[in-house]
Asker: 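To start, I am sharing the structure in question, which I have written as structure tokens.
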Amino acid sequence: MPVDKPPLSDEPSHSEELKATSPEPDRSTAEPTPQMFEWDKLHFLNGQPTQAFRDWQDVKDGRFDLPWDGVDYNWHDDDELLGCWSIYQTFNGAKTPLDREMPHFLHLDVQYTAVPLVVELTGTEGGHTSFKGLAHLLSSTGRSEALSTQPPLPTYGKRPLPPTTPHPEPDDQLACFDNLYWVWSEEVWEWGKYPSPTWHSVGVHMHFTKEVDEIATGYLQRVFGLREDEQVPP
């Protein structure tokens, strides 16, 4: 079905006006991922504690001390080769991964392997995948099954590799996907249901850090007109 498009205009768009008038954020350095949750308190339903949560810096050599350059889309001599899975490549008509800008900032040369079709959520079409299917793909058995598929799964790299460098397999220590927006546990658009499986199965077992809790408490005190030493109603 054709979609009507607005007529072209020489007038600047709203987004262009915002870009022209909004101050640039300070991206002189990349800070570590803020800790919002008490990961040590997160337990699976079987009562077993999870492994300690690790930040990106703990597993990969991102160049966090370098300044942000919003127009730097060039390759660098020190880019680290990283294999990732691509969902978009398997289900999108263009058969290419979803392009991202962050690898350039992190000095990564990301090379993709398309996920197998079996990760698609049962009874759907159009690229909806399941957490169960992707989790199996990350297991040693699922990974071995996928990488031994015949014919081999399609691969893609925006940067051509030297003839002597084989295409890297998806990293077996860091789960890496190009797009996880269309992933569901049981049915499409389940996030609009209550309780959503994301909350019911995982969220209820998570705890915010003391700092985040204090920020939320402060806002609630203002909403209820309370002093800092007064407790928020239950």
Side-chain angles (χ1 to χ4, degrees), residues 33 42 44-46 48 50-51 53-56 58-62 75 79-104 106-193 196-203:
T33 304
L42 177 61
F44 289 125
L45 295 180
N46 61 7
Q48 297 299 317
T50 62
Q51 294 182 351
F53 177 78
R54 294 182 179 275
D55 208 314
W56 173 270
D58 298 326
V59 291
K60 286 295 166 188
D61 298 326
W75 305 111
D79 285 350
E80 181 181 3
L81 199 62
L82 175 65
C84 293
W85 293 104
S86 173
I87 297 175
Y88 206 71
Q89 183 177 351
T90 298
F91 299 103
N92 180 264
K95 300 304 179 185
T96 57
L98 191 63
D99 195 19
R100 299 294 192 185
E101 67 175 22
M102 190 54 69
H104 296 277
L106 297 176
H107 283 228
L108 294 173
D109 179 0
V110 180
Q111 302 283 326
Y112 290 99
T113 299
V115 299
L117 289 169
V118 294
V119 303
E120 191 168 29
L121 183 64
T122 302
T124 67
E125 58 183 23
H128 297 284
T129 55
S130 70
F131 284 112
K132 182 178 180 180
L134 296 182
H136 180 68
L137 184 63
L138 298 177
S139 69
S140 57
T141 301
R143 173 186 171 85
S144 177
E145 292 172 352
L147 296 178
S148 60
T149 299
Q150 293 298 327
L153 295 170
T155 58
Y156 180 89
K158 200 168 185 179
R159 182 183 192 180
L161 295 174
T164 56
T165 302
H167 188 92
E169 295 180 345
D171 198 287
D172 61 353
Q173 297 296 315
L174 177 69
C176 175
F177 294 90
D178 63 341
N179 184 31
L180 292 172
Y181 188 82
W182 308 105
V183 186
W184 317 96
S185 61
E186 296 177 354
E187 58 181 302
V188 175
W189 313 124
E190 62 193 10
W191 58 36
K193 299 181 180 300
S196 166
T198 305
W199 168 255
H200 186 66
S201 301
V202 179

Asker: Looking at every heavy atom in both L137 and A146, which two are closest together, and how far apart are they?
Answerer: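 So the two residues come closest at CD1-CB, 3.5 Å.
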
Asker: Do W85 and T90 have side chains that approach each other closer than 4.5 Å (heavy atoms only, starting at C-beta)?
Answerer: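 The answer is no; the side chains never approach within 4.5 Å.
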
Asker: For S144 and T141, indicate whether the former's side chain and the latter's backbone hold a donor-acceptor pair under 3.5 Å.
Answerer: no

Asker: Using the six-membered ring wherever Trp is involved, compare the ring planes of H128 and W184 and label them parallel, tilted or perpendicular (cut-offs 30° and 60°).
Answerer: tilted

Asker: Hey, are the side chains of S130 and T124 touching, using non-hydrogen atoms and a 4.5 Å cut-off?
Answerer: no

Asker: Take T155 and Q111 through the test side-chain contact (heavy atoms from CB on, under 4.5 Å) and record every step on the way to the result.
Answerer: CA-CA 8 Å; T155 58; Q111 302 283 326; over 6 Å; no

Asker: Any side-chain to backbone donor/acceptor pair from D109 onto D79? Under 3.5 Å, distance only.
Answerer: no

Asker: Does any part of the side chain of T113, heavy atoms only, come nearer than 4.5 Å to the side chain of H167, both counted from C-beta?
Answerer: yes

Asker: Quick one: CZ on R159 to CG on L108, what's the gap to the nearest 0.5 Å?
Answerer: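 Here the rounded value is 11.5 Å.
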
Asker: Could you give the distance from CG (L138) to CG (D171), rounded to the nearest 0.5 Å?
Answerer: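 Rounded to the nearest 0.5 Å, the CG-CG separation comes out at 11.0 Å.
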
Asker: Flag yes if more than 12 heavy atoms outside Y88 fall under 6.0 Å of its OH atom; otherwise flag no.
Answerer: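 Result for OH/Y88: open.
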
Asker: Quick check: does any side chain N or O of T129 sit under 3.5 Å from a backbone N or O of V119, one acting as donor and the other as acceptor?
Answerer: no

Asker: Please examine the side chains of W182 and V188, heavy atoms only from C-beta on, and report whether any two atoms are closer than 4.5 Å.
Answerer: no

Asker: Please answer whether the main-chain N or O of L121 pairs with a side-chain N or O of E187 as donor and acceptor at a distance below 3.5 Å.
Answerer: no

Asker: State whether a side-chain donor-acceptor pair under 3.5 Å links S185 with E190.
Answerer: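 E190 and S185 do have a side-chain donor-acceptor pair below 3.5 Å.
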
Asker: Kindly indicate whether the side chain of P170, heavy atoms from C-beta on, has any atom under 4.5 Å from the side chain of R143.
Answerer: yes

Asker: Between the side chain of D178 and the main-chain N/O of I87, is any donor-acceptor distance below 3.5 Å?
Answerer: yes

Asker: How many angstroms lie between SG in C84 and CD in Q89, if you round to the nearest 0.5 Å?
Answerer: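 Between C84 SG and Q89 CD, I get 12.0 Å after rounding to 0.5 Å.
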
Asker: Do L81 and P168 come within less than 4.5 Å of each other through their side chains, counting heavy atoms only?
Answerer: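 Side-chain contact under 4.5 Å: yes.
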
Asker: Take T96 and Y112 through the side-chain contact (heavy atoms from CB on, under 4.5 Å) test and state the conclusion after the steps.
Answerer: CA-CA 9 Å; T96 57; Y112 290 99; over 6 Å; no

Asker: Report the distance from atom CD of E145 to atom OG of S139, rounding to the nearest 0.5 Å.
Answerer: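 Reported to 0.5 Å precision, the distance equals 7.0 Å.
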
